[in-house]
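Heads up: the structure comes next, in structure tokens.
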Number of protein chains: 2
Amino acid sequence: MRISDLAKATGCHLETVRYYERIGLLPPPERSTAGYRNYRDSDVERLQFIVRSRALGFSLEEIRSLLTLASRTELSCKQVDGVARTHLAQVEAKQRELAALAAELRGMIETCHHDTRATCTILQSLAG
Amino acid sequence: MRISDLAKATGCHLETVRYYERIGLLPPPERSTAGYRNYRDSDVERLQFIVRSRALGFSLEEIRSLLTLASRTELSCKQVDGVARTHLAQVEAKQRELAALAAELRGMIETCHHDTRATCTILQSLAG
DNA sequence: GTTGACTCCGTAGTAGCTACGGACTTTAGT
DNA sequence: ACTAAAGTCCGTAGCTACTACGGAGTCAAC
């Protein structure tokens, strides 16, 4: 399986695959005599895990942890749970931040009477 | 007014002030004979506008537009309104994205029985 | 005069990719 | 067998919005 096949199978950009290898998130695959990367099914699974985790907003470092944790299947998943809960908490914090921000933007927009910029409440709000 | 005074007056990091100047968001100020930057009150206002806009999530390019738009006080504020509404729409899109993400994370976490990693539903979800 | 705080500048680092360019290899078609 | 197109290789630079660093020069107080 070549790099473009792996990319297609996972929906991951080809250059991103190489990037993940470079930062050690994907193991360096075997190479053909010409130096082309040869991937196996296990690489597809690992990359799928990464792509899916990214879609859920996990950082590459969090994913690195998750991959390490996942490899020791006999241990408890307390730590996995911890990573997920921490991430959820971050997402929720970001949600609160955006909610406050959206409310302020709406206020700014709604109070504006849309005449000249000299009396624009949007600009006045932004000025402080 | 020196650069550290401007930074303190606006709550902006000192190095960020120089950065904003470098990218043309702040005009190059006058210099003392030794080459130190001398700022005026109008610089404080401009930087305050930038800092406040950043806090509301506007990108530096959006802020660049807003600053240009703001300078022509006699014109209507339709375009200002447009920038603000576009930004609000982006924030709302991000909110929807985060809401979906949080829901999925919660589902993952709640269904997990927390025994071994082999049966961890969090890891299974991430695997696809 | 000397110490300490301040300022200068250019450069590099952060996250997570994406794009580019020039060389090489493989594949399909004739 | 030959050629053209598509795929792959690698290193490097670009993106956003900063932040940090290092070495040099400057200013204020004691």
Side-chain angles (χ1 to χ4, degrees), chain A residues 1-26 28-39 43 46-67 83 86-87 90-91 94 97-98 101, chain B residues 1-26 28-40 43 46-67 83 86-87 90-91 94 97 101:
Chain A
M1 189 179 228
R2 294 237 185 113
I3 191 167
S4 64
D5 301 316
L6 177 63
K8 268 172 213 149
T10 55
C12 185
H13 198 291
L14 187 146
E15 313 242 28
T16 308
V17 177
R18 282 206 285 259
Y19 171 68
Y20 287 164
E21 179 184 330
R22 204 158 61 239
I23 63 168
L25 216 51
L26 285 177
E30 284 176 18
R31 301 283 187 134
S32 71
T33 48
Y36 283 23
R37 289 170 178 80
N38 280 329
Y39 292 101
D43 294 314
R46 190 179 177 91
L47 184 50
Q48 252 164 1
F49 185 98
I50 296 169
V51 168
R52 181 124 178 76
S53 301
R54 281 296 298 145
L56 286 169
F58 286 98
S59 73
L60 295 181
E61 286 316 304
E62 285 171 328
I63 296 170
R64 202 188 290 275
S65 299
L66 286 172
L67 283 166
V83 174
T86 301
H87 179 54
Q90 284 165 2
V91 170
K94 189 84 193 165
E97 200 184 306
L98 287 188
L101 218 136
Chain B
M1 188 180 231
R2 294 238 186 111
I3 191 167
S4 64
D5 302 317
L6 177 62
K8 267 172 214 151
T10 55
C12 185
H13 197 291
L14 187 148
E15 312 243 29
T16 308
V17 177
R18 282 206 285 259
Y19 171 68
Y20 286 163
E21 179 183 329
R22 203 158 61 239
I23 64 169
L25 216 53
L26 285 178
E30 286 176 16
R31 300 284 188 135
S32 71
T33 47
Y36 284 22
R37 289 170 179 81
N38 280 329
Y39 291 102
R40 321 172 190 184
D43 294 313
R46 189 179 177 91
L47 185 50
Q48 251 164 3
F49 185 97
I50 297 170
V51 168
R52 180 124 179 75
S53 301
R54 282 295 298 143
L56 286 170
F58 287 98
S59 74
L60 294 181
E61 285 317 303
E62 284 170 329
I63 295 170
R64 203 188 290 276
S65 300
L66 288 171
L67 283 166
V83 174
T86 301
H87 179 55
Q90 285 166 1
V91 170
K94 189 83 194 165
E97 200 184 305
L101 219 133

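Below, chain A is the first sequence line, B the second, and so on; all start at residue 1. Values below: every heavy atom of this structure, side chains too, minus hydrogens, waters and symmetry copies.
For R18(A), the salt bridge (Lys or Arg N to Asp or Glu O under 4.0 Å) partners at least two apart in sequence or on another chain are E15(A). Residues satisfying the side-chain hydrogen bond (donor to acceptor under 3.5 Å, both in side chains) test with R37(B), not counting sequence neighbours, are E21(B). F58(A) is linked by a ring-ring contact (aromatic ring centres under 6.0 Å, His included) to H87(A), counting only residues two or more places apart in sequence or in another chain.
Distance alone, capped at 3.5 Å, places no donor-acceptor pair between the E97(A) side chain and the K94(A) backbone. A donor-acceptor pair under 3.5 Å is absent between the side-chain atoms of T16(A) and the main chain of C12(A), judged by distance alone. With hydrogens and angles disregarded, no donor-acceptor distance shorter than 3.5 Å links the side chain of R46(B) to the backbone of L67(B).
Side-chain contact between Y20(A) and R54(A) is present, with heavy atoms from C-beta onward closer than 4.5 Å. In this structure the side chain of L60(A) reaches within 4.5 angstrom of the side chain of Y19(A), judged on heavy atoms.
Along DNA chain C, the nucleotide nearest R22(A) and the nucleotide nearest T33(A) are compared for position; the residue whose nucleotide lies closer to the 5' end is R22(A). Ranked by how close their nearest DNA chain D nucleotide is to the 5' end, Y19(B) and S32(B) are led by Y19(B).
Residues of residues 50-64 of chain A that place a heavy atom closer than 4.0 Å to DNA chain C, in numerical order, are R54(A), S59(A), L60(A).
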How would nucleotides 2-9 of chain C be written as a contact map, 5' to 3', with B for base contact, S for sugar-phosphate-only contact and - for no contact, using protein heavy atoms under 4.0 Å? ----BSBB
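Among all heavy-atom pairs drawn from M1(A) and A9(A), the shortest one is CE-CB, 4.3 Å. Between A55(B) and L101(A), the shortest heavy-atom contact is O-CD1, 3.8 Å.
Here the range on DNA chain D touched by chain B, meaning any atom under 4.0 Å from one of its heavy atoms, is dA17(D) to dC27(D).
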